[in-house]
Amino acid sequence: MGKGDNLPSPGETGAAATDQARECEGKGACEFKQTRFSDQIMPHILNLYGASAKANDFDMYAPNASFEDPLTHAQGVKQIKSAFYSLSKFFGESKIVEYHVQENDIAPGKKEILIDNKQHYKIMGKDIDMISLIKLSVENGKIVRHEDWWDKKPLRNRDTVSFPLVGRFMEMGRRGMMLATHAMMGFGKDPDSR
């Protein structure tokens, strides 16, 4: 049997393609497997959180994507690079040790990816384990928003706190922290280009 003999025809989608993929998996005879977007990006996400990111790990982001966690709010790929490149400066060890991925189609060309995970850090010789929920909003094959909810708690901002003014101050604090980190990290320069 040749390569591609069991591939679905170009017009074959949905249930027929999925059934054919299952049939191929069962036989082990063909190489066609339906892949999810999350399968393509998980190695890059693991590199980011593992403080071993390379320039190509950020290709999954749209140019004006945002990243937010309880400490920082990054806007654009250069700031996102600074946020993740800085991990090795603050932690002796950083990685995702366990994870479960759920991918949901929201609308044509739009997905939400939820990564329920356990992160491990070492700071000043002390081990710290943290449960997190990473939420990725994807449009047309690129991440447009990346949120990291520590302890699976939604980020506190003007939309999620009782007093919008307090939420706005929290947002400003995260942006200020990001600007300091961004300057410290050479404004998003890749380590291999410094």
Side-chain angles (χ1 to χ4, degrees), residues 3-26 30-50 52-85 87 96 98-119 131-150 152-160 167 171 174-175 178 182 188 190:
K3 211 177 200 184
D5 286 349
N6 282 337
L7 295 177
S9 63
E12 191 174 16
T13 59
T18 303
D19 288 344
Q20 193 166 5
R22 276 195 205 111
E23 183 178 328
C24 287
E25 257 182 39
C30 68
E31 295 180 23
F32 171 76
K33 281 191 180 179
Q34 223 173 11
T35 59
R36 303 176 305 169
F37 182 73
S38 56
D39 296 333
Q40 297 168 27
I41 64 166
M42 275 313 295
H44 301 290
I45 295 291
L46 294 172
N47 287 344
L48 296 184
Y49 283 87
S52 61
K54 302 286 186 245
N56 70 331
D57 289 316
F58 298 94
D59 292 344
M60 62 186 167
Y61 290 101
N64 201 31
S66 65
F67 165 77
E68 192 168 5
D69 67 15
L71 294 179
T72 61
H73 178 108
Q75 191 66 46
V77 174
K78 285 189 175 195
Q79 284 189 6
I80 294 171
K81 284 181 175 186
S82 289
F84 283 102
Y85 286 153
L87 288 178
I96 292 177
E98 297 173 18
Y99 65 90
H100 172 77
V101 178
Q102 180 181 337
E103 185 171 320
N104 303 313
D105 289 325
I106 304 299
K110 292 185 179 185
K111 296 179 181 296
E112 177 184 63
I113 298 172
L114 304 173
I115 306 167
D116 192 354
N117 67 94
K118 180 178 178 183
Q119 298 172 15
I131 301 299
S132 165
L133 177 65
I134 297 170
K135 292 183 66 175
L136 304 174
S137 299
V138 178
E139 291 182 12
N140 302 316
K142 294 286 186 181
I143 297 170
V144 295
R145 181 146 176 80
H146 177 161
E147 296 179 12
D148 193 346
W149 292 13
W150 298 354
K152 298 185 184 181
K153 294 179 183 169
L155 297 170
R156 296 178 59 113
N157 59 37
R158 63 185 143 196
D159 298 326
T160 60
E171 289 174 20
R174 285 196 293 271
R175 288 176 204 246
M178 185 63 242
H182 193 45
D190 298 311

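- Between the CD atom in Glu98 and the NZ atom in Lys118 there is a gap of 5.0 Å [rounded to 0.5 Å].
- Between the side chain of Asn104 and the backbone N or O of Ile106, no donor-acceptor pair lies under 3.5 Å.
- Inter-residue side-chain proximity for His44 and Ile143 is flagged as unmet; no heavy-atom pair is nearer than 4.5 Å.
- Here the closest non-hydrogen pair linking Ala74 and Gln79 is CA-OE1, 3.4 Å.
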Next on the checklist: Test side chain to side chain contact (heavy atoms under 4.5 Å, CB included) on Ile113 and Met42; report intermediate values, then the result.
Outcome noted: CA-CA 11 Å; Ile113 298 172; Met42 275 313 295; over 6 Å; no
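- Between Ser132 and Lys152, the shortest heavy-atom contact is C-CG, 4.3 Å.
- Under the 4.5 Å side-chain criterion, counting only non-hydrogen atoms from C-beta, Trp149 is not in contact with Leu114.
- Between Met60 and Leu136, the closest side-chain pair of non-hydrogen atoms is not below 4.5 Å.
- To the nearest 0.5 angstrom, Ile131 atom CD1 is 9.0 Å from Gln119 atom CD.
- At a threshold of 4.5 Å between non-hydrogen side-chain atoms, the residues Glu68 and Arg145 count as touching.
- Taken from CD in Glu147 to OG in Ser137, the straight-line distance is 6.5 Å, to the nearest 0.5 Å.
- Taking CG of Asp148 as the reference point, atom CG of Asp69 lies at 6.0 Å (rounded to 0.5 Å).
- Side-chain atoms of Tyr49 and Asn117 include no donor-acceptor pair closer than 3.5 Å.
- Between Val101 and Arg36 there is a side-chain heavy-atom pair separated by less than 4.5 Å.
- Taking the six-membered ring where the residue is Trp, the centroids of Phe84 and Phe67 are separated by under 6.0 Å.
- With contacts defined as side-chain heavy-atom distances shorter than 4.5 Å, the pair Val138/Ile41 does not qualify.
- Side chain of Glu139 to main chain of Gly109: no donor-acceptor pair is present (N/O by atom type, distance under 3.5 Å, no hydrogens or angles).
- Smallest separation of non-hydrogen atoms from Ala65 and Ile80: O-CD1, 3.8 Å.
- The residues Asp57 and Lys54 are annotated as not salt-bridged, no charged nitrogen and carboxylate oxygen being separated by less than 4.0 angstrom.
- Here the closest heavy-atom approach between residue Leu87 and residue Leu48 is recorded as CD1-O, 3.4 Å.
- At least one side-chain heavy atom of Ile45 sits under 4.5 Å from a side-chain heavy atom of His146.
- Taking both residues in full, the closest heavy atoms of Ala62 and Lys142 are given as N-CB, 3.7 Å, listed atom of the first, atom of the second, then distance.
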Checklist entry - Given Leu46 and Tyr99, is the side chain to side chain contact (heavy atoms under 4.5 Å, CB included) satisfied, shown in steps? => result CA-CA 10 Å; Leu46 294 172; Tyr99 65 90; 3.9 Å; yes
